[in-house]
Enquirer: 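What follows is a structure written as structure tokens; I'll ask about it next.
Here is how names work: the chains are called A, B, and so on, in the same order as the sequence lines, proteins then strands, and each is numbered from 1.
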Protein chains: 2
Amino acid sequence: MVRISPPSRRTPKRDAILDAAQCSFLDLGYAATSMDLVASRAGVSKATIYAHFEGKEALFAAVVHRRCEREFLNADAWPEAADARTTLAAVGAHVLGVLIAADTLALYRVVVAEAARQPELAHAFWEAGPSRGRARITALFADLAGRGELAIADPWVAADQFVGMLRAEVFFRALLGLPPAEGREPAATVTAAVETMLTAYAP
Amino acid sequence: MVRISPPSRRTPKRDAILDAAQCSFLDLGYAATSMDLVASRAGVSKATIYAHFEGKEALFAAVVHRRCEREFLNADAWPEAADARTTLAAVGAHVLGVLIAADTLALYRVVVAEAARQPELAHAFWEAGPSRGRARITALFADLAGRGELAIADPWVAADQFVGMLRAEVFFRALLGLPPAEGREPAATVTAAVETMLTAYAP
DNA sequence: GTCTATAAAGCGATAGAC
DNA sequence: GTCTATCGCTTTATAGAC
């Protein structure tokens, strides 16, 4: 419906528009964000926005794409190779931390909501974000299997299960804006997922 | 912001309004559904809607509540007690089937999108839907543990992990409207989750 | 590219008759 | 309860000057 990567030359005004749009879309949602508000927050006129982007959908797509790119720029926080328990605990804590960060949840909410009406956006989001994260974790399990730390037939399945256990009720309640249930902390979710993986895939 | 359970006497017009509203909200999303459209589809005037519901938010809340109730009415499909593998396979297939049903995905999308702006709705949805499902599965694991089929310290954790593994990539891609990845069928996800639970929690 | 001003349409909600 | 008609406001998008 709308192309994701426009010519995309970076200019100060264009960046200001994208910053204002990102903040507005993530805070208020797609529909509740008006072009007037974005223009006001960016300090430009509405006509300037339409000079840079085809319309509201294209602006939204550009915001989502830029946001996914940035998530993977600081990849330095990825843990070093160690024994399985240490590695999974570190990776699990990192992943769940990213998943329940306010920015991530807001992006997730608005992309999921628009996915039904903007299929190309949904696909671009998947490729730019979750798909790359999954690939890393799959590679991690392949590495642990290769080193004899775990007995894994299909690293993709193991990664899928590990991420699934991380993205369980703690994540779901955070997504709905509900307070964490008593005694159900993110750290406990990570620990339990790690132990279950270690037991299920013990060599 | 809006109360969830109005007097709620069932009348033909009221039901027609709720049917039209459900169809519209799930298809188009909250914002893109206008009261004019609902009135038109229900075959009533807009004023009649406002005679039955306080406003758009209240109508939406009523739709969500009714939809959650109905999901739990046909509880007869719940499997009988058997050995752990048979029980988990049946329950897992049932749960994942419900989760990736088109109606469920549409409800999930629209509720998640509005959760940030209608906290009471998010809470009501959680209590009416996911919370009850989780309770059942927790009871199931408690039963399996009590019968010595599995060695489970905390049935809630086991249920959380089982549901998490079910609601992994297959569900996520369906949520985004993407086609299933090659060789990653729902049935395979269920089987893998069952085997991992059986191994991790073997007596 | 950037602005001001405005067009054209749609929105949620209500008044008043019956 | 239900209707027709309409209010008052906001929306996306564009025209035209510079």
Enquirer: Does B:Lys56 reach the main-chain N or O of B:Tyr30 with its side chain, forming a donor-acceptor pair under 3.5 Å?
Expert: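 Side chain of B:Lys56 to backbone of B:Tyr30: a pair is present.
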
Enquirer: Can you tell me the distance, in whole Å, between the CZ atom of B:Phe53 and the C1' atom of D:dG1?
Expert: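 It is 14 Å, rounded to the nearest whole Å.
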
Enquirer: Which word best sums up how the rings of A:Phe125 and B:Phe172 line up, parallel for under 30°, tilted for 30 to 60°, or perpendicular for over 60°?
Expert: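 Ring orientation of A:Phe125 relative to B:Phe172: perpendicular.
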
Enquirer: So, is A:Ser45 close to the C:dC3 phosphate, meaning a side-chain N or O under 4.0 Å from OP1 or OP2?
Expert: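 Yes, A:Ser45 has a side-chain N/O under 4.0 Å of OP1/OP2 on C:dC3.
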
Enquirer: Whole angstroms only, please: what is the CZ-C1' distance between A:Arg14 and C:dT2?
Expert: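 About 15 Å, once rounded to whole Å.
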
Enquirer: How does protein reach along nucleotides 12-18 of chain C, written 5' to 3' as B (base within reach of a heavy atom under 4.0 Å), S (only sugar-phosphate), or - (no contact)?
Expert: BBBB---

Enquirer: Quick test of your reading of the model: are A:Arg66 and A:Asp19 salt-bridged, counting only N-O distances below 4.0 Å?
Expert: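 A:Asp19 and A:Arg66: salt-bridged.
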
Enquirer: Between B:Ser45 and B:Thr48, is there a side-chain donor-acceptor contact under 3.5 Å, judged purely by atom types and distance?
Expert: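 Judged by distance alone, the side chains do pair up.
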
Enquirer: Under 4.0 Å between a side-chain N/O of B:Thr11 and OP1 or OP2 of D:dG1, yes or no?
Expert: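 B:Thr11 to D:dG1 OP1/OP2: no side-chain N or O under 4.0 Å.
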
Enquirer: Taking 4.0 angstrom as the limit, do A:Glu114 and B:Arg109 come out as a salt bridge?
Expert: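 Looking at B:Arg109 together with A:Glu114, the answer is no, because their closest N to O distance does not fall below 4.0 Å.
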
Enquirer: side-chain hydrogen bond (donor to acceptor under 3.5 Å, both in side chains): which pairs involve residues 125-134 of chain B, sequence neighbours left out?
Expert: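 Listed once each, the pairs are A:Glu169-B:Arg134, B:Glu69-B:Arg132, B:Arg134-B:Asp160.
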
Enquirer: Distance under 6.0 Å and angle within 45° of the ring axis: does B:Arg167 meet both against A:Phe171?
Expert: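 No, B:Arg167 does not lie over the aromatic ring of A:Phe171.
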
Enquirer: Taking five pairs at each end, how big is the angle between the two axes of the helix from C:dG1-D:dC18 to C:dC18-D:dG1, to 10°?
Expert: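 The end axes of the helix from C:dG1-D:dC18 to C:dC18-D:dG1 are about 10° apart, to the nearest 10°.
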
Enquirer: Take the protein atom CG of B:Leu37 and the nucleotide atom C1' of C:dA9, then report the distance between them rounded to whole Å.
Expert: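 Computing the B:Leu37:CG to C:dA9:C1' distance gives 16 Å.
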
Enquirer: Is it the case that the side chain of A:Thr104 and the backbone of A:Ile100 share a donor-acceptor pair, with hydrogens and angles ignored and the cut-off at 3.5 Å?
Expert: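 Not confirmed, A:Thr104 side chain does not pair with A:Ile100 backbone.
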
